[in-house]
Amino acid sequence: MATQYKNLINGKMVDNGEWLDVVNPANEEVIGQVPACGKDDLDKAVAAAREAFKSWKKTSFEERQAACMAISGAIKENAEELYRLLTSEQGKPHDQAKGEIFGAAGLSAAQATFKLEDEIIEDSDTRLHRSRRVPVGVVGGIVPWNFPVMMAIQKIVPALMAGCTIVLKPSPFTPLTTLRIAELIADKVPAGTVNIITGEDSLGPLITSHPDIDKITFTGSTATGKKIMEGASADLKRITLELGGNDASIVLPDADPKKVAEQLFWSSFSNAGQICVAAKRIYIHEDIYDELAAALVEYAKTVKVGDGSHQGTGVGPIQNKKQFDRVCELIEDAKDNGYKFLVGGEVDPSGSGYYVPITIMDNPPEDARIVAEEQFGPVMPLMKFSSEDEVIQRANNSDYGLAGAVWTGNPDKGVEIAEQLETGTVWINEYLHLSPFAPFGGHKQSGFGAEYGLEGLKEFTYPQVISVKKDNVPA
Ligand code: NAD
């Protein structure tokens, strides 16, 4: 029988006797079961969080920091077990899973240093006018399947640092590592402050509309983000939404194709392309297009697609069947329209596991589905451009606005272009670098609000202004 992983409610690992299967995308075998929660379980978790909030909101910065450092320590001390489990449920190769686990431990430690100081607006003979931040209350966190641990931590830790308590729902596709972490931290954080419950997608709207939850922090697709906003509107819950992206990378003619190819490759194919900020549209100047395309193909042929637990695998399977079908559909659409493939494009239907070969496409038109939509898979469309104005216009021609990149021999030129891109983050000559100290959030339909940095922490708080009239004491 597959291992059963329990939920964390009010400091205890519990189940309700109903179970959901969790599948390894590398071989489609059931590797674990988690509780299938509904309204009653959610009510219990929310009640625990509400009760715990009464005392947690009064804790000092040092107490909060100690709890978050304990979370960081528990993850770090158990890193090997956790990254192996993560690979088995998510599919990413071991080295990338290790990066996510250590990244989550590091993120907890970094976020545990965040302190929101009071702001003195006026301190005169007649008035003390002070602005402070107070926790919003009970937070509902909803997480996707591409970086399940990182996304859980980036919701749990700032919630605790702000003085909030949280009920977190992992994706039904990838709940195992998060529940193992729940078990590891159950006695390290006060009962009820962190609750982690699992269920199908249908548990999500119950969280969004729960009357005793004050804020939703969500990472996932733009389509679901819109439903969350709608659901949260009934009682005006605070919301933070980190949503989809269709990030453009722009390669200028002064970039050396040999130096850029490998980095550009991984900006698209890390985690099998299932990264919100992966490079999903690659615009290459016509002067270097052929040379860079050839270098990318040459590099792609050296990368092994396979089971992430096998040594030497660079690109693992797609995480789940639904996403696998969607990526296959985009490839079929490209074929139906006669677009050209430089490498890949042939999905082998025999065998188990959700494998899509590394696929690079040659200059499809702007309205091709593979260019216009977020593919979230190992398929990279290369497009030719001839002028800066043209490429900026094409890069901005999207409802998304998450991130982007410019590759150039002249970093000042890169900054000039970056400042014209309509996205929350732009990298110049690097990719996927996110600092816990800088706000991360999407423009346009890629998000609402921000995570990370003090700006992210503030989203778990309300401002409260206290104004004392010093020369009007009625006594
Ligand atoms: P998804 O929107 O399908 O699911 C995300 C989470 O929402 C899951 O836990 C799911 O169970 C839950 N959910 C589903 N329907 C819901 C509803 N009606 N109400 C409330 N919750 C609901 O997303 P996904 O397929 O798991 O993840 C892929 C998407 O996430 C991609 O679009 C990707 O770009 C985006 N993403 C964004 C970021 C970011 O930081 N901007 C990071 C990672 C992933």
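Sequential numbering from 1 along the given sequence is applied to the chain's residues. Note that the structure is a prediction, hence the values are computed from the model and not measured. Start at 1 and go down the list; that is how both ligands and their atoms are numbered.
Evaluated by nearest non-hydrogen atom to atom 1 (P) of ligand 1, the leading choice among G199, S221, P148 is S221. Of the candidates G231, A278, P205, G140, P205 brings a heavy atom nearest to atom 18 (N) of ligand 1.
How far NZ of K169 is from OG1 of T208: 9.5 Å, rounded to the nearest 0.5 Å.
Residue I142 touches ligand 1 through its side chain alone, judged by heavy-atom distances below 4.0 Å. If you look at I228 next to ligand 1, the close heavy atoms, those under 4.0 Å, all belong to the side chain. With a 4.0 Å cut-off on non-hydrogen atoms, M151 touches ligand 1 through its side chain and not its backbone.
For the residue pair T219 / K155, a side-chain donor-acceptor distance below 3.5 Å is found, with atom types taken as modelled. No side-chain donor from either of T313 and D307 sits under 3.5 Å from a side-chain acceptor of the other. Between the side chains of K226 and Q445, at least one donor N or O lies within less than 3.5 Å of an accepting N or O. Side-chain atoms of Q33 and Q4 include a donor-acceptor pair closer than 3.5 Å.
Protein heavy atom closest to atom 8 (C) of ligand 1, with residue, atom name and distance, is V143 O, 3.3 Å. Ranking the protein heavy atoms by distance from atom 32 (O) of ligand 1 puts E374 OE1, 2.8 Å first. Here the heavy atom of the protein found nearest to atom 27 (O) of ligand 1 is P144 CB, 3.4 Å. Nearest protein heavy-atom contact of atom 13 (N) of ligand 1 is T224 CG2, 3.8 Å. For atom 21 (N) of ligand 1, the closest non-hydrogen atom on the protein side is G204 CA, 3.4 Å. Of all protein heavy atoms, the one lying nearest to atom 39 (C) of ligand 1 is C276 SG, 3.2 Å. Protein heavy atom nearest atom 30 (O) of ligand 1, with residue, atom name and distance: G220 C, 3.0 Å. Taking atom 28 (C) of ligand 1 as the reference point, the nearest protein heavy-atom neighbour is F376 CE2, 3.7 Å.
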Inset, instruction - Please test Y299 against F265 for ring pair (Phe, Tyr, Trp, His ring centres under 6.0 Å), starting from the C-alpha separation and ending with a verdict. - result: CA-CA 8 Å; Y299 185 76; F265 177 90; 5.1 Å; yes
Inset, instruction - Under the salt bridge (Lys or Arg N to Asp or Glu O under 4.0 Å) rule, what do E329 and R369 come out as? Steps first, then yes or no, please. - result: CA-CA 10 Å; E329 188 187 303; R369 284 188 64 194; 3.0 Å; yes
Inset, instruction - Take Y355 and F324 through the test ring pair (Phe, Tyr, Trp, His ring centres under 6.0 Å) and record every step on the way to the result. - result: CA-CA 8 Å; Y355 296 103; F324 172 77; 8.6 Å; no
Inset, instruction - Any chance you could lay out the side-chain hydrogen bond (donor to acceptor under 3.5 Å, both in side chains) test for T240 and K215, step after step, and finish with the verdict? - result: CA-CA 8 Å; T240 303; K215 175 192 167 67; 2.5 Å; yes
Inset, instruction - For Y83 and E100, run side-chain hydrogen bond (donor to acceptor under 3.5 Å, both in side chains): C-alpha distance rounded to whole Å, both residues' side-chain angles, the deciding distance at 0.1 Å, then the answer. - result: CA-CA 8 Å; Y83 81 68; E100 179 170 350; over 6 Å; no
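Using a 4.0 Å cut-off between charged nitrogen and carboxylate oxygen, K335 and E346 count as a salt-bridge pair. D43 has no carboxylate O lying under 4.0 Å from a charged side-chain N of R50, or vice versa, which leaves the two without a salt bridge. With respect to the salt-bridge test (charged N to carboxylate O, under 4.0 angstrom), the residues R180 and E183 qualify.
In terms of polar-atom proximity, defined here as any N/O pair under 3.5 Å, T208 makes no such contact with ligand 1. Looking at N146 next to ligand 1, no N or O pair under 3.5 Å apart turns up. The shortest N or O to N or O distance between F440 and ligand 1 is not below 3.5 Å. Taking only nitrogen or oxygen atoms, main chain and side chain alike, K280 does not reach within less than 3.5 Å of ligand 1. Some N or O of L243 is nearer than 3.5 Å to an N or O of ligand 1, by distance alone. Taking any N or O of K227, backbone or side chain, none lies under 3.5 Å from an N or O belonging to ligand 1.
Within a 6.0 Å sphere centred on CD of E366, heavy atoms belonging to other residues, nucleotides or ligands number more than 12. Annotation: E28, atom CD; neighbour count of heavy atoms from other residues, nucleotides and ligands within 6.0 Å is above 12.
At a 4.0 Å cut-off, not a single heavy atom of Q323 sits close enough to ligand 1 to count as contact. Taking a 4.0 Å cut-off on heavy atoms, G447 fails to register as neighbouring ligand 1. Residue F218 places a heavy atom less than 4.0 Å from ligand 1. For P172, the closest heavy-atom approach to ligand 1 falls below 4.0 Å. Under a 4.0 Å heavy-atom criterion, F147 is not in contact with ligand 1.
For atom 24 (P) of ligand 1, the nearest protein heavy atom lies closer than 4.0 Å.
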